[in-house]
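Just the heavy atoms: all of them, side chains too, but no hydrogens, waters or symmetry mates, feed the values below. Position 1 is the first residue of the sequence; numbering continues from there.
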Amino acid sequence: MDTQPNSPEARDKKYHMHAYTNARRHQEVGPLIIEKGDGIYVEDISGKRYIEAMSGLWSVGVGFSEKRLVDAATRQMAKLPFYHNFTHKGHSPVIDLAEKLVTMAPVPMSKAFFTNSGSEANDTAMKMIWYRSNALGQPQKKKIISRKRGYHGVTIASASLTGLPYNHMSFDLPIANVLHTSSPHHWREAQPGETEQQFSTRLADDLEKLILAEGPDTVAAFFGEPVMGAGGVVVPPAGYWEKIQAVLKKYDILLVADEVICGFGRTGNMFGTETYAMQPDIMVMSKQISSSYLPISAMLVNDRVFDPLADESNRIGTFGHGFTAGGHPVAAAVALENIAIIEERNLVANAREVGAHMQKRLAGLAAHDLVGEVRGVALIGAMELVTDKATKAPWGNVGALGGLVNGILQQNGVISRNMGDSLAFCPPLIINDKQVDDIFDAVEKSLDEAARQVKA
């Protein structure tokens, strides 16, 4: 790292507080500054090139240099750089995008509501659910259930939904009326000899017991990612979503599918909802909706949700919620073009086909001494690192081994991300088999290097 007093690294340490970063540690080590992007690759300020095996933050589906998205933004910026959708106002890009999302949804949806991030969208979903309960004359029906290790964002409400300790500690979270049920990670949480189907049955029973203990008339909704992302790429065990949905239907509880990571091709279908036969009432989407070229997110709601909201807004006189930049015309234009690229280039099929190769390469590392489990679907996957396969024990503190391997891997030219001791992979949808091999050749090399350090 450049230690000159006026270098970008030094100025970053002096002026910039980073997200998801140990602030004191950052003052010591400084940043990796990324200057350029091209396809699946990014380049740092010194000219070193990396494969971005996480698509930035699970999100740059079409790669880092798609000219069509730049052109779409430029055209719209010149035509109408900003307008809003408050008080009956609208503009063509947001209307076109709303129509596109509602008509492409894998289950019947009625309306699209636009926000700027997945966190804002999940926060808005909670507010809509509470508003709906009041509209239906059910003011007691306000509790929301999500899952341990689930990730739904970082606003006060969405961080409460998130089931990860670091998102709660010292923030005085979760807020009231947010509950958490069991994590669906079979390898880590199953009882000895418990099959995936048996495990799924037990988790559905856990959910039902929680609902009954709280009172079914007080529970409004269940939030879940089709595949858990930031919790470690936890793939649902066999029968899981079928059994969970049966419980929700029994007690008239809404299902919110958080598609922020899974949406737009990641699981080998356009939406994770399709991959796992989910029937949500609300779908939340962001990240790959615009390949994160511009911030935009959306919620799709069905008539079961929309009609009470509309009636209540009519009673009050307005739906008192919205964001200045929600459905921003430039972001909406970019999202439309991004979805068109995904469809025209068959990137969902590419995620299935190249994803099968990625899962094969991932599975090939399961025998490594430091790998306890590999898991994933299509172009999302993870390996969980251990020092003892039998006991699943970490190397010292949880996250130490994941951090070690992740750091070595970055030195070897691949950017990944460790969530504790789970090392995740979520490359751009445009990746090919040869590039997948480049990633996992580097991963294997990095595991071997880490193993030598661990033994030493």
Side-chain angles (χ1 to χ4, degrees), residues 58 122 144-153 158 160-165 167-168 174 178-211 219 221-251 253-263 266-269 271-280 283-284 359 362 372-378 380-384 386 392 398 419-426:
W58 321 85
N122 279 313
I144 311 289
I145 299 175
S146 58
R147 299 174 295 173
K148 297 173 184 176
R149 293 179 63 179
Y151 188 89
H152 301 288
S158 64
S160 296
L161 289 173
T162 293
L164 296 169
N167 296 98
H168 296 165
V178 177
L179 311 167
H180 294 90
T181 190
S182 310
S183 164
H185 188 187
H186 180 265
W187 179 79
R188 179 64 72 179
E189 305 292 343
Q191 295 172 355
E194 193 173 39
T195 68
E196 288 195 13
Q197 285 284 355
Q198 291 167 338
F199 179 59
S200 294
T201 297
R202 178 162 64 84
L203 265 56
D205 290 343
D206 286 348
L207 175 61
E208 184 166 23
K209 288 173 184 175
L210 177 61
I211 292 167
V219 180
F222 180 94
F223 280 65
E225 305 155 270
V227 174
M228 284 182 170
V233 187
V234 177
V235 179
Y240 176 79
W241 278 115
E242 177 186 359
K243 296 173 191 292
I244 292 294
Q245 289 181 106
V247 173
L248 301 178
K249 184 175 181 181
K250 181 177 180 180
Y251 296 104
I253 294 170
L254 298 173
L255 173 60
V256 182
D258 185 335
E259 291 270 7
V260 170
I261 286 176
C262 296
R266 181 58 54 188
T267 65
N269 290 294
F271 296 101
T273 292
E274 298 172 83
T275 304
Y276 297 102
M278 297 169 67
Q279 296 287 321
M283 295 175 67
V284 174
Q359 297 303 323
L362 194 56
E373 185 197 30
V374 299
R375 52 186 181 263
V377 58
I380 183 170
M383 59 175 59
E384 188 143 345
V386 296
K392 305 175 184 175
V398 172
M419 288 85 67
D421 287 318
S422 295
L423 195 63
F425 304 95
C426 185

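- Salt bridge annotation for Arg375-Glu384: present, with a cationic side-chain nitrogen under 4.0 angstrom from a carboxylate oxygen.
- Considering NZ of Lys243 and CZ of Phe199, their distance stands at 12.5 Å, rounded to 0.5 Å.
- The minimum heavy-atom distance between Gly376 and Val233, with the atom names listed, is CA-CG1, 4.5 Å.
- Here the closest non-hydrogen pair linking Pro237 and His186 is CB-CB, 4.5 Å.
- The CG atom of Leu161 sits 6.5 Å away from the NE2 atom of His180 when rounded to the nearest 0.5 Å.
- Applying the salt bridge (charged side-chain N to carboxylate O under 4.0 Å, His left out) rule to Glu225 yields no partners; only residues at least two apart in sequence or on another chain are considered.
- With sequence neighbours left out, Glu196 forms a salt bridge (charged side-chain N to carboxylate O under 4.0 Å, His left out) with no residue at all.
- Looking at Tyr151 and Asn167, their side chains come closer than 4.5 Å, going by heavy atoms from C-beta outward.
- Atom CG of Leu210 and atom CG of Asp205 lie 12.5 Å apart (nearest 0.5 Å).
- Going from atom CG of Leu203 over to atom OG of Ser183 covers 7.5 Å, rounded to the nearest 0.5 Å.
- You'll find the side chain of Val386 stays beyond 4.5 Å of the side chain of Asp421, heavy atoms only.
- Met228 places a side-chain heavy atom less than 4.5 Å from the side chain of Pro184.
- Of all non-hydrogen atoms in Trp58 and Ala424, the two that sit nearest each other are CH2-CB, 3.9 Å.
- Residues His152 and Thr162 share a closest heavy-atom pair of N-OG1, 2.8 Å.
- The CD1 atom of Ile261 sits 12.0 Å away from the OG1 atom of Thr267 when rounded to the nearest 0.5 Å.
- Nearest heavy atoms, Ile253 versus Phe222: CG2-N, 3.8 Å.
- Around atom NZ of Lys392, more than 12 heavy atoms belonging to other residues, nucleotides or ligands sit under 6.0 Å away.
- Glu189 has no carboxylate O lying under 4.0 Å from a charged side-chain N of Lys148, or vice versa, which leaves the two without a salt bridge.
- Inspection of the Thr181 and Asp206 side chains reveals no N or O donor paired with an N or O acceptor under 3.5 Å.
- A distance of 11.0 Å separates CG of Asp258 from CG of Leu255, quoted to the nearest 0.5 Å.
- Taking every heavy atom of both residues into account, Arg149 and Gly232 meet most closely at NH2-CA, 4.2 Å.
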